[in-house]
Amino acid sequence: MTDWQIAAEFEDILYHKADGMAKITINRPQVRNAFRPKTITEMITAFADAREDVEIGVVLLTGAGPATDGKYAFCAGGDQKVRGDGGYISESGVPRLNVLDLQRLIRTMPQPVIALVAGYAIGGGHVLHVVCDLTIAADNAIFGQTGPMVGSFDGGFGASYLARLVGQKKAREIWYLCRQYDAQEALDMGLVNKVVPVEQLESEGIQWAQEILDKSPLAIRCLKSAFNADCDGQAGIQELAGNATLLFYMTEEAQEGKQAFLEKRKPNFRQYPKLP
Ligand SMILES: CC(C)(COP(=O)(O)OP(=O)(O)OC[C@H]1O[C@@H](n2cnc3c(N)ncnc32)[C@H](O)[C@@H]1OP(=O)(O)O)[C@@H](O)C(=O)NCCC(=O)NCCSC(=O)c1cc(O)c2ccccc2c1O
């Protein structure tokens, strides 16, 4: 039994930590966990906190539910009731598409993020699970994009990375036809990693997280950036190279450079082997 502790209080999300895991729950079940700018700002704050916490090795992202009508949702995308001409209107009256910042944070943070999807993962909510490292679906999960039906589209990760996951033909079908797909169909097309009964969703996610936590965090971190580098261009290379620098800083050879500078002497790099 996981002893989740409240990590911080928010209005639109719940944020917990336990046993090396952080859990972020979108908590607007009355609107199928659709997000407004405030929801995203809070999620960015929580994800940034998890990223900085050296005790946290895996983040679980999920949606609160079921709602009062008994239906579940991971997230139904942007809250159409606050959608304005230039984006979703924040409390300050400024239109925002700040979910794009959240997508990049999920993708670039060193820890794996696992989406736990029960019920609807639709529109911008579908893209959120797509950008997570892994997705575990409940048997009641329903996946789909609605953009061309509601006058929107996500041509970033929502299109190109989706195509990496399911292939070009299927990604185009998903976006052009705006159909809904059940959990088994999602598994068959490589959109999710596993399907479990809804009551086992969280425990399955915790088991996957704990298995990852038993592995080398530096190896996992480097693998995540290596997978990203394949699709993310110069930003992906920067992420991968940042990890090379991090590992290099841990070597005696790199420390010799710093030490020599501090001691105002010439560094002796000749002492280190030139490995084949
Ligand atoms: C998700 C559904 C298929 C569920 O259908 P169901 O029949 O089960 O439930 P209801 O339709 O009756 O909904 C219950 C209740 O929730 C409200 N609600 C649901 N979704 C939203 C929403 N997205 N925004 C606001 N409110 C929502 C609904 O109104 C009901 O409330 P009542 O008070 O009326 O009872 C179905 O609900 C559905 O299709 N929802 C809409 C899905 C959708 O189109 N989402 C937006 C896609 S666009 C998007 O998300 C998006 C966001 C971004 O920030 C972007 C940024 C950059 C690029 C692109 C972006 C982008 O595309």
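If you're wondering where the values come from, they're calculated on a predicted model, not measured in any experiment. Counting starts at 1 for both ligands and their atoms, following the listed order.
For Ala34, every heavy-atom contact with ligand 1 shorter than 4.0 Å involves the side chain, none the backbone. By the criterion of a heavy-atom distance under 4.0 Å, the backbone of Phe153, and not its side chain, is placed next to ligand 1. Residue contacts with ligand 1 for Gln180 involve side-chain atoms from C-beta outward but no N, CA, C or O (heavy atoms, distance under 4.0 Å). Contacts of Val150 with ligand 1, taken as heavy-atom pairs under 4.0 Å, involve the side chain alone.
Contact annotation: the side chain of Leu102 never approaches that of Phe35 to less than 4.5 Å [non-hydrogen atoms, C-beta and beyond].
Residue Phe35 approaches ligand 1 through these ligand atoms, each under 4.0 Å from one of its heavy atoms: 52 (C), 54 (O). Under a 4.0 Å criterion applied to the non-hydrogen atoms of Ile122, ligand 1 contributes the atoms 42 (C).
Of all protein heavy atoms, the one lying nearest to atom 44 (O) of ligand 1 is Thr146 OG1, 2.7 Å. The closest protein non-hydrogen atom to atom 55 (C) of ligand 1 is Val99 CG1, 3.9 Å. Looking at atom 51 (C) of ligand 1, its nearest protein heavy atom turns out to be Tyr88 OH, 3.5 Å. The shortest contact between atom 4 (C) of ligand 1 and any protein heavy atom is with Tyr120 CE1, 3.5 Å. Scanning all protein heavy atoms for the shortest distance to atom 45 (N) of ligand 1 gives Ala76 O, 2.9 Å. In terms of protein heavy-atom proximity, atom 62 (O) of ligand 1 is closest to Ser152 OG, 2.7 Å. From the protein, the heavy atom lying nearest to atom 24 (N) of ligand 1 is Gln80 N, 2.9 Å. In terms of protein heavy atoms, atom 27 (C) of ligand 1 is closest to Val31 O, 3.8 Å.
Summarising the local packing, CD of Glu199 is surrounded by more than 12 heavy atoms from other residues, nucleotides or ligands at distances under 6.0 Å.
Note: Tyr15 and Phe10 have tilted aromatic rings, judged against thresholds of 30 and 60 degrees for the angle between ring planes. Note on ring orientation: taking the six-membered ring where Trp is involved, the planes of Phe269 and Tyr272 are tilted (angle from 30° to 60°).
A distance-only check finds no donor-acceptor pair linking the side chain of Gln103 to the backbone of Phe157 [under 3.5 Å]. Between the side chain of Trp175 and the main chain of Phe153, no donor-acceptor pair closer than 3.5 Å is present.
Protein heavy atoms are absent from the space less than 4.0 angstrom from atom 38 (C) of ligand 1. By the definition of a contact as any protein heavy atom under 4.0 Å away, atom 11 (O) of ligand 1 is not in contact. For atom 32 (P) of ligand 1, no protein non-hydrogen atom is found at a distance below 4.0 Å.
Selection from Arg36, Lys81, Gln30 by nearest heavy atom to atom 28 (C) of ligand 1 gives Lys81. Considering only non-hydrogen atoms, atom 50 (O) of ligand 1 lies nearest to Gly78 out of Gly123, Gly156, Gly144, Gly78.
Backbone and side-chain nitrogen or oxygen atoms of Gly77 are examined, and none is located within less than 3.5 angstrom of a nitrogen or oxygen of ligand 1. In terms of polar-atom proximity, defined here as any N/O pair under 3.5 Å, Lys71 does make such a contact with ligand 1. On a distance-only criterion, Gly124 and ligand 1 share at least one N/O pair closer than 3.5 Å.
Donor-acceptor pairing under 3.5 Å is recorded for the side chains of Glu173 and Tyr181. Checking Tyr88 against Gln80 by side-chain atom types alone, a donor-acceptor pair falls below 3.5 Å. Using modelled atom types and a 3.5 Å distance limit, the side chains of Gln184 and Asp188 yield a donor-acceptor pair.
Screening Asp101, Ile44, Val59, Leu61 for a side-chain contact (heavy atoms from CB on, under 4.5 Å) with Ile106, the sole residue that qualifies is Leu61.
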For this session: Show the numbers, then the answer: is there a salt bridge (Lys or Arg N to Asp or Glu O under 4.0 Å) between Glu185 and Lys170?
Result: CA-CA 11 Å; Glu185 289 172 306; Lys170 200 70 192 179; over 6 Å; no

Exercise. Can Lys23 and Glu202 be said to form a salt bridge (Lys or Arg N to Asp or Glu O under 4.0 Å), step by step?
Worked result: CA-CA 10 Å; Lys23 181 172 68 162; Glu202 182 165 310; 3.0 Å; yes

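For the residue pair Leu116 and Thr62, the shortest heavy atom distance occurs at O-OG1, 3.0 Å.
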